[in-house]
Number of protein chains: 2
Amino acid sequence: MLSSRIGILGGGQLGLMLLQAAVDWNLDIHVLDPDADAPCRNIAPHFTQGSLQDYDTVYEFGKTLDVITIEIEKVNVEALEALEKEGKRVYPQPSVIRLIQDKRVQKQFYRDHNLPTADFILTDNQEDVAQHTSFLPAFHKLGKDGYDGRGVQRLASEADLDKAFDQPGLLEEAVSFDKELAVIVARNASGQITTFPTVEMVFHPELNLVEYLFAPAEINEDIERKAQEIAKNTAEAFGIVGLLAVELFLTAEGKILINEVAPRPHNSGHHTIRANATSQYEQHWRAILNLPLGSTLAYGPSAMVNLLGEAGYEGPAVYEGMETLLATDEVFPFLYWKAITKPFRKMGHITIMDAGIDALKEKVEFVKKNIRVISKEIKQ
Amino acid sequence: MLSSRIGILGGGQLGLMLLQAAVDWNLDIHVLDPDADAPCRNIAPHFTQGSLQDYDTVYEFGKTLDVITIEIEKVNVEALEALEKEGKRVYPQPSVIRLIQDKRVQKQFYRDHNLPTADFILTDNQEDVAQHTSFLPAFHKLGKDGYDGRGVQRLASEADLDKAFDQPGLLEEAVSFDKELAVIVARNASGQITTFPTVEMVFHPELNLVEYLFAPAEINEDIERKAQEIAKNTAEAFGIVGLLAVELFLTAEGKILINEVAPRPHNSGHHTIRANATSQYEQHWRAILNLPLGSTLAYGPSAMVNLLGEAGYEGPAVYEGMETLLATDEVFPFLYWKAITKPFRKMGHITIMDAGIDALKEKVEFVKKNIRVISKEIKQ
């Protein structure tokens with residue numbers, strides 16, 4: 001297994017961290033990404049520049065490999081299906097990627113499998129949305145190609161109908177929730193399954209992006225047990241081989257609802273590199289190479305702050321405050337090899353550990369205050 | 001500092017782990033090594049094949065860089081001195097490398113600085129050794145170029161005199177010791193200094209190589225305090241910028257003596273990658289880039305087992321038992337990207353953690369029993 005030729009579709013930061021985890025076991029990794037300056041470029045043993053959405057490019061890339069995986073869902077699934085048919089091990093399975101790529105199919109899947117999720121109505125176009133004004137307020141979500149806040153619109157009332165997408169989508173009940181949680185599940189081909197402790201995500205007030213998270217989440221044991229169970233059941237329902245990041249809403253009434261899932265390493269698991277015996281990245285390799293899954297034991301409470309490009313700056317990135325961070329115990333910056341910063345671009349993250357929760361939260365505030373990704377060039 | 005162009009002389013496993021630690025901060029690393037298939041080759045952003053001992057090669061390599069460091073002492077010091085004179089930051093300093101390269105000068109340095117070390121006599125050749133038979137039993141050590149057990153001979157009595165080296169060396173009292181300890185010190189250019197907790201090394205019965213180690217060492221507080229103090233004093237006496245690994249003997253009477261030192265990351269610090277808040281590799285970067293040094297806090301007891309090529313095998317390496325290891329919680333194999341195994345070649349190491357010391361020691365035995373580096377080709 002360890003001598004397989006392995007391909008990753010996508011060479012962004014998730015690919016980079018997968019690569020880093022692969023070094024220890026001398027895995028032979030090949031990366032495909034459309035960007036010649038992708039984060040993986042500098043340390044990938046083999047890098048191919050090419051489209052992830054073009055059938056021929058993905059097929060040719062995978063043809064010479066034994067195992068193919070992804071770090072982004074937006075890939076040519078037909079090519080992956082063809083490779084799978086030829087006996088390549090493609091994990092997560094193309095059928096799972098296809099199902100998750102379309103939020104409409106994904107939501108219907110939860111309903112069909114009795115997995116808890118917010119109520120919804122499938123819509124074909126804007127006109128169709130207009131038939132369901134009694135369902136408002138609701139979120140209107142695009143079926144395909146939504147990402148990091150794109151493809152989601154809040155429709156408060158009939159007056160917002162012009163904001164609805166004129167493409168296949170879904171209206172989702174605007175659930176009032178107390179917390180957003182996430183559980184990363186790993187499942188290998190033998191069916192072994194593990195979960196990481198539940199994390200609590202705090203979203204950026206304006207952007208639909210995780211601003212920071214805490215692990216473990218501040219929830220009671222009963223909620224923790226339920227969150228873990230729902231996440232496991234979801235991974236088992238999909239029959240996924242690999243990682244499944246399950247994002248959850250915790251309502252004021254203590255109900256847990258599945259928000260969405262990602263069939264790959266996820267922003268909500270970056271902290272595991274430092275804080276847990278096995279990181280989500282190593283766990284991904286174990287799962288798709290059908291190796292025994294590793295312990296998800298946490299060595300202590302941790303937090304993770306996303307490092308976003310500062311608003312108003314675009315150009316060669318400058319990391320202001322790195323020395324201040326490095327002077328603080330157990331503050332671990334990870335930068336993503338992105339030469340150019342843009343407003344709110346994910347440029348890195350900072351993992352923070354501490355023996356005590358209060359000290360940890362203080363460090364989070366300290367970190368947020370003391371680091372900025374700017375550029376000498378001001379955005380016009 | 002983080003945008004410096006950095007060179008490492010040497011691309012072996014220590015260089016590989018330095019590279020891995022550099023990825024998180026996007027450090028721009030250039031590696032020089034004579035072997036086109038050196039462990040660093042696959043992941044080094046920039047790799048130059050060339051001699052570490054040739055003046056011109058080292059000088060040309062360093063000329064275009066800002067900071068130059070080493071992962072092996074056997075390098076052309078004259079070239080490093082020239083680069084230093086031209087304003088390059090060369091750490092550890094060439095003067096320190098020169099001093100440590102010659103065991104005779106190193107031992108004399110301890111004596112001159114009142115640093116505790118086993119008694120010794122400098123010898124010029126075999127004939128000179130014959131003048132000092134009253135000093136036997138003793139170890140005869142070559143002044144230069146000893147490494148991993150080479151360049152050391154035990155002379156029990158006059159009858160062994162023909163085993164003495166006919167080159168400049170030293171006769172060192174054969175100290176009877178209870179334990180071998182090691183402390184890794186880091187010192188940055190501003191003079192900030194930190195130490196890692198003292199480790200206890202267990203040597204291979206035949207080879208002069210660490211077979212495994214435990215951290216923390218099983219010693220009382222007083223010994224721990226003394227070991228840490230001697231290690232710090234040694235680093236300060238050298239005035240080194242970078243890491244200094246200080247190997248110590250603990251005698252039956254509770255005396256601590258300096259055995260030898262290495263001015264770089266060291267085998268006795270591999271476990272820090274997994275077990276400590278800051279690894280020795282990250283600490284090396286902090287020290288030589290004059291950044292604040294990191295916390296050396298250990299998250300729990302740990303052990304490290306060197307993975308040596310099995311006797312009797314030479315050829316393409318096969319790692320027998322990896323899946324068994326990966327099925328055990330908190331057992332972390334690191335392989336060194338060496339295609340060819342040879343008897344006793346360092347092929348990797350395994351870090352082991354556990355909350356309890358007894359469980360940890362059981363895991364060490366389990367690991368030693370269950371992994372072998374062999375080859376399908378039998379050594380003739």
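Only the backbone of A:Leu27 has a heavy atom closer than 4.5 Å to any heavy atom of chain B. Heavy-atom distances place the side chain of A:Met353, and not its backbone, under 4.5 Å from chain B. Looking at A:Tyr336, the atoms closer than 4.5 Å to chain B (heavy atoms on both sides) all sit in the backbone: N, CA, C or O. In this structure, no portion of A:Ile273 lies under 4.5 Å from any heavy atom of chain B. Only the side chain of A:Leu16 comes within contact range of chain B, with heavy atoms under 4.5 Å apart. For B:Glu282, the part lying under 4.5 angstrom from a heavy atom of chain A is the side chain only. Residue A:Arg286 touches chain B through its side chain alone, counting heavy-atom pairs closer than 4.5 Å.
Put simply, the side chain of A:Leu243 reaches to within 4.5 Å of the side chain of A:Gln283, judged on heavy atoms.
In this structure, A:Arg5 has no side-chain hydrogen bond (donor to acceptor under 3.5 Å, both in side chains) partners at least two apart in sequence or on a different chain.
Here A:Pro292 is the residue among A:Ala327, A:Gly348, A:Ala44, A:Pro292 with the most heavy-atom pairs under 4.5 Å with chain B. Contacts with chain B were tallied for A:Thr278, A:Asn26, A:Asp24, A:Thr328; A:Asn26 has the most, counting heavy-atom pairs under 4.5 Å. Of all the listed residues (B:Gly294, B:Pro39, B:Gly300, B:Pro333), the one sharing the greatest number of non-hydrogen pairs under 4.5 Å with chain A is B:Pro333. With chain A as the partner, the residue from B:Asp329, B:Leu19, B:Leu326 showing the most heavy-atom pairs under 4.5 Å is B:Leu326. Heavy-atom pairs under 4.5 Å with chain B peak, among A:Trp337, A:Phe334, A:Tyr299, at A:Trp337. Ranked by heavy-atom pairs shorter than 4.5 Å toward chain B, the options A:Gln20, A:Arg41, A:Met322 are led by A:Gln20.
In this structure, B:Lys361 forms a cation-pi arrangement with B:Phe214, its terminal cationic atom sitting closer than 6.0 Å to the ring centre and no more than 45° off the ring axis.
A salt bridge does not link A:Arg264 with A:Glu71: none of the charged nitrogens is closer than 4.0 Å to a carboxylate oxygen. The residues A:Arg89 and A:Asp66 are annotated as not salt-bridged, no charged nitrogen and carboxylate oxygen being separated by less than 4.0 angstrom.
With 3.5 Å as the limit, one finds a donor-acceptor pair spanning the side chains of B:Gln228 and B:Thr198. Side chain to side chain, A:Thr296 and A:Asn276 fail the donor-acceptor criterion of an N or O pair below 3.5 Å. Checking B:Thr48 against B:His30 by side-chain atom types alone, no donor-acceptor pair falls below 3.5 Å. A donor and an acceptor atom, one from each side chain of A:Tyr91 and A:His284, are nowhere located under 3.5 Å apart.
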